[in-house]
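Following: one structure in structure tokens, then a few remarks.
In what follows, every chain begins at residue 1, and chains take the letters A, B, ... in the order their sequences are listed.
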Amino acid sequence: MEVKGGSCRLGLWYVHVWSDGTTIHRIRFSKTGIEGNVPEQVRQYCAGQPVDLTTFPTIAISSDDSVYGQIYKAVREIPYGSTATYGEIALHIGTVPRVVGQAMARNPTPLVIPCHRVVGAKGIGGFSPDIGIKEMLLDMERKTFQKLLVAKKAT
DNA sequence: AACGTACACTTAT
DNA sequence: ATAAGTGTACGTT
């Protein structure tokens, strides 16, 4: 399988996505774009639509049932528009919050594994390369989620 | 109420 | 081998 890269805009940043057409291999954030396309759903998500990227196949999940693998699975259960804390995830699979933080830091495919929805018990937590991305994503999801509710109520 | 520390796991040095 | 990294709960001061 051939892994191809591409990028799309996300606010002030670009999202670089490497995919073989079905499975996402790597996602990272950069201030510069690169040539190439990204999967349709990812582009929609970046455009602010409530797309659920957590069903996307990713190398982060399929590979193993290690602690990191379990953490990534648990994090994928967090619904669009809501959050969980490092401690909650840790408790869920029987480890400590620090390991969860480390797993998030090493997350090969952000967005597909929604690590931005994992926050600290007393604050937002961390995010590389820029905490502003996490804030923006959470803010965007909150707003989009609200719009969904309003639209639903109106029917 | 602020401070220090133990805790658990993986990757990179 | 070992250090260090998106944290948190709990004991001590």
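Tracing side-chain contacts under 4.5 Å through hydrophobic residues (I, L, V, M, F, W, Y), one reaches A/V42 starting from A/I133; they form part of the same cluster. The same ILVMFWY cluster, assembled from side-chain heavy atoms under 4.5 Å apart, contains both A/M140 and A/I27.
Of the residues in residues 135-145 of chain A, none lies under 4.0 Å from DNA chain B by heavy-atom distance.
Using a 4.5 Å cut-off on side-chain heavy atoms (C-beta onward), A/N107 and A/Y72 make contact.
Using P as the reference atom, C/dG11 and B/dA8 are 16 Å apart when rounded to the nearest Å.
Taken from OG1 in A/T22 to CG in A/D20, the straight-line distance is 4.0 Å, to the nearest 0.5 Å. Taken from CZ in A/R76 to CG in A/L53, the straight-line distance is 10.0 Å, to the nearest 0.5 Å.
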In B/S/- notation (B base, S sugar-phosphate only, - none; protein heavy atoms under 4.0 Å), nucleotides 7-13 of chain B written 5' to 3' is -BSSSS-
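Among the heavy atoms of the strands lying under 4.0 Å from A/A105 is at least one base atom, whether or not backbone atoms are also near. Contact annotation for A/G120: backbone-only contact, meaning every heavy-atom pair under 4.0 Å involves sugar-phosphate atoms and none involves a base.
Judged by distance alone, with hydrogens and angles left aside, the side-chain atoms of A/S30 form no donor-acceptor pair with the main-chain N or O of A/Y14 at under 3.5 Å. Although no hydrogens or angles enter the test, the distance criterion places a donor-acceptor pair under 3.5 Å between the side chain of A/T85 and the main chain of A/E88. When atom types are taken as modelled, the side chain of A/H16 and the backbone of A/R26 share no donor-acceptor pair closer than 3.5 angstrom. Between the side chain of A/K4 and the main chain of A/G21, no donor-acceptor pair closer than 3.5 Å is present.
In this structure, CD1 of A/I124 is placed 17 Å from C1' of C/dT8, rounded to the nearest angstrom. Residue A/K122 contributes atom NZ, which lies 10 Å from atom C1' of B/dA1 at whole-angstrom precision. Remark: P of C/dT8 and CD of A/E88 are 10 Å apart, rounded to the nearest angstrom.
Close placement of the A/F29 and A/F127 rings is indicated, their centers lying within 6.0 Å of each other.
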How would DNA chain B look in dot-bracket form, 5' to 3', counting Watson-Crick and G-U wobble pairs with both distances under 3.5 Å and writing | for bases paired to another strand?
|||||||.|||||
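Using modelled atom types and a 3.5 Å distance limit, the side chains of A/E141 and A/H116 yield a donor-acceptor pair.
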